Amino acid sequence: MDGILFTQQLLDWYDANRRDLPWRRAPEPYAVWVSEIMAQQTQMDRVVGYFERWMERFPDIHALARAHEEDVLKLWEGLGYYSRARNMLKAASVLAVDHDGVFPSDPAAIRSLPGVGEYTAGAIASIAFGLPEPAVDANVLRVFARVLDLDQPVRSGETRAVVAETVRSLMPDDRAGDFTQALMELGALVCSKNPRCGDCPVSGQCAALSADTVSRRPVLPVPGKTTRINMATGVLVHEGRVLIQKRLPDDVWPGLWEFPGGGIEQGETPEQTVAREYMEEVELAVEPVEDITTLTYAYTRYRVTMHCFLCRFADGSGEPVFNEAVTGGFVPPQDLSGYAFPSGHRRLIQFMKADSRFADLFSDS
DNA sequence: AAAACGTGGCT
DNA sequence: TAGCCAAGTTT
């Protein structure tokens, strides 16, 4: 393969086809960092809105370093992989204290930040600082699995090393950041799962295209099995307010809020599950009085069916004791928008807001 | 080193 | 519909 030609063709294509993303207009290090963390395992189109809200709220390192986790999580709500947001808060503290609020250009210093791995360090170094550091993400692996017609598992350490070295050898000294983004842009827009080889600027140098093995590249790992879960949750209403609790650290969705509930056990009805979970989690006797809805959602390898019920106190009233939460309490339903919820619970709230049966609960008075 | 960690859109 | 999978990192 002709490296000079490959790089030139790719950059020319990028100049003509790059998407207009907000952090590309003025790639300063803080903005590049924010965009790269948000982009991890997330499609660019979804990142844009979150990025703009984030930059508005936390415009620089110092603003972020001063932020509360509660506010950071609320801004991140719906993006998933919330440890990214918590790690950014930790990293902002490191940057403010150890680097005086100035984003470091040293690749090793970048790599040492919480939440910054091999890929992200290379991306920031090249895009924000113009350094010739490779950034090998799934796009880049896919592109070179085809260009080089690699028959090894694409996620193996060996493949990653080969691809990183290839990227290094192709990297132009004057446009490192554009080259990094061009490779990923090509993977996202052209050399995708279902590739559009007719539109590819480097199809003339693609070994897989010549060998007619494009559809077999990259060689992916066998996916893990998904698990189905049935859950039940209850919205306890008392004197016009609803009970929510904040999830524990070292669990799924740490620090996010939720309505109490849990898995439906063998022989239980969803209503019985809600009553049992309320007793276990918050030591309250409740009775489900109305079926709100049943919704499904997915997280990591789980597919969840969640049965949702409106609940009342079984014996008039009571004080919650939070056995399986950091804290919690009764809040006015109008205030729920101020808390970060996992998507399933967020959708439950939206459902109730849109359902006339619960109009009085969400009315402003 | 395998598994956990979210979510929504597309096929 | 049931996967597939997206600018990965951490443990």
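Model, not experiment: these values are computed from the prediction. The sequence lines fix the lettering, A, B, ..., with proteins before strands; numbering per chain opens at 1.
Atom CG in A:Leu141 sits 5.5 Å away from atom CZ in A:Arg160 (nearest 0.5 Å). A distance of 9.0 Å separates CG in A:Asn139 from OG in A:Ser192, rounded to the nearest 0.5 Å.
In the 5' to 3' direction, nucleotides of DNA chain B lying under 4.0 Å from heavy atoms of chain A begin and end at B:dA4 to B:dG8.
Contact annotation: A:Gln41 side-chain N/O to C:dA6 OP1/OP2 distance is not under 4.0 Å. Between C:dA6 and A:Arg142, a contact under 4.0 Å exists linking OP1 or OP2 to a side-chain N or O. Residue A:Thr120 places at least one side-chain N or O under 4.0 Å from the OP1 or OP2 atom of C:dT9.
A:Arg303 comes within 4.0 angstrom of no nucleic acid atom, judged by non-hydrogen atoms across all strands. When heavy atoms are screened at a 4.0 angstrom cut-off, A:Val252 is found touching the sugar-phosphate backbone but no base atom. When heavy atoms are screened at a 4.0 angstrom cut-off, A:Thr300 is found touching base atoms of the nucleic acid. Among the protein residues, A:Arg228 comes within range of the sugar-phosphate backbone only, with heavy atoms under 4.0 Å from sugar or phosphate atoms but none that close to a base. If you check every strand for non-hydrogen atoms under 4.0 Å, A:Ala138 touches sugar and phosphate atoms only. Among the heavy atoms of the strands, none lies under 4.0 Å from A:Val47. Among the protein residues, A:Glu185 comes within range of the nucleic acid bases, having at least one heavy atom under 4.0 Å from a base atom.
Under the 6.0 Å distance and 45° angle rule, A:Arg175 does not count as a cation-pi partner of A:Phe179.
The side chain of A:Arg111 lies closest to C:dT10, out of C:dG3, C:dT10, C:dT9.
In this structure, A:Tyr302 places its OH atom 17 Å from C1' of C:dG3, rounding to the nearest Å.
With hydrogens and angles disregarded, a donor-acceptor distance shorter than 3.5 Å links the side chain of A:Ser210 to the backbone of A:Cys206. Between the side chain of A:Thr305 and the backbone N or O of A:Asn230, no donor-acceptor pair lies under 3.5 Å.
For the C1' atoms, the distance linking B:dG8 with C:dT10 amounts to 24 Å, nearest Å.
Contact record, A:Trp257 with A:Gly328: CZ3-CA, 3.9 Å, taken as the closest heavy-atom pair. A pairwise comparison of heavy atoms in A:Lys74 and A:Tyr339 identifies NZ-O, 3.1 Å as the closest pair.
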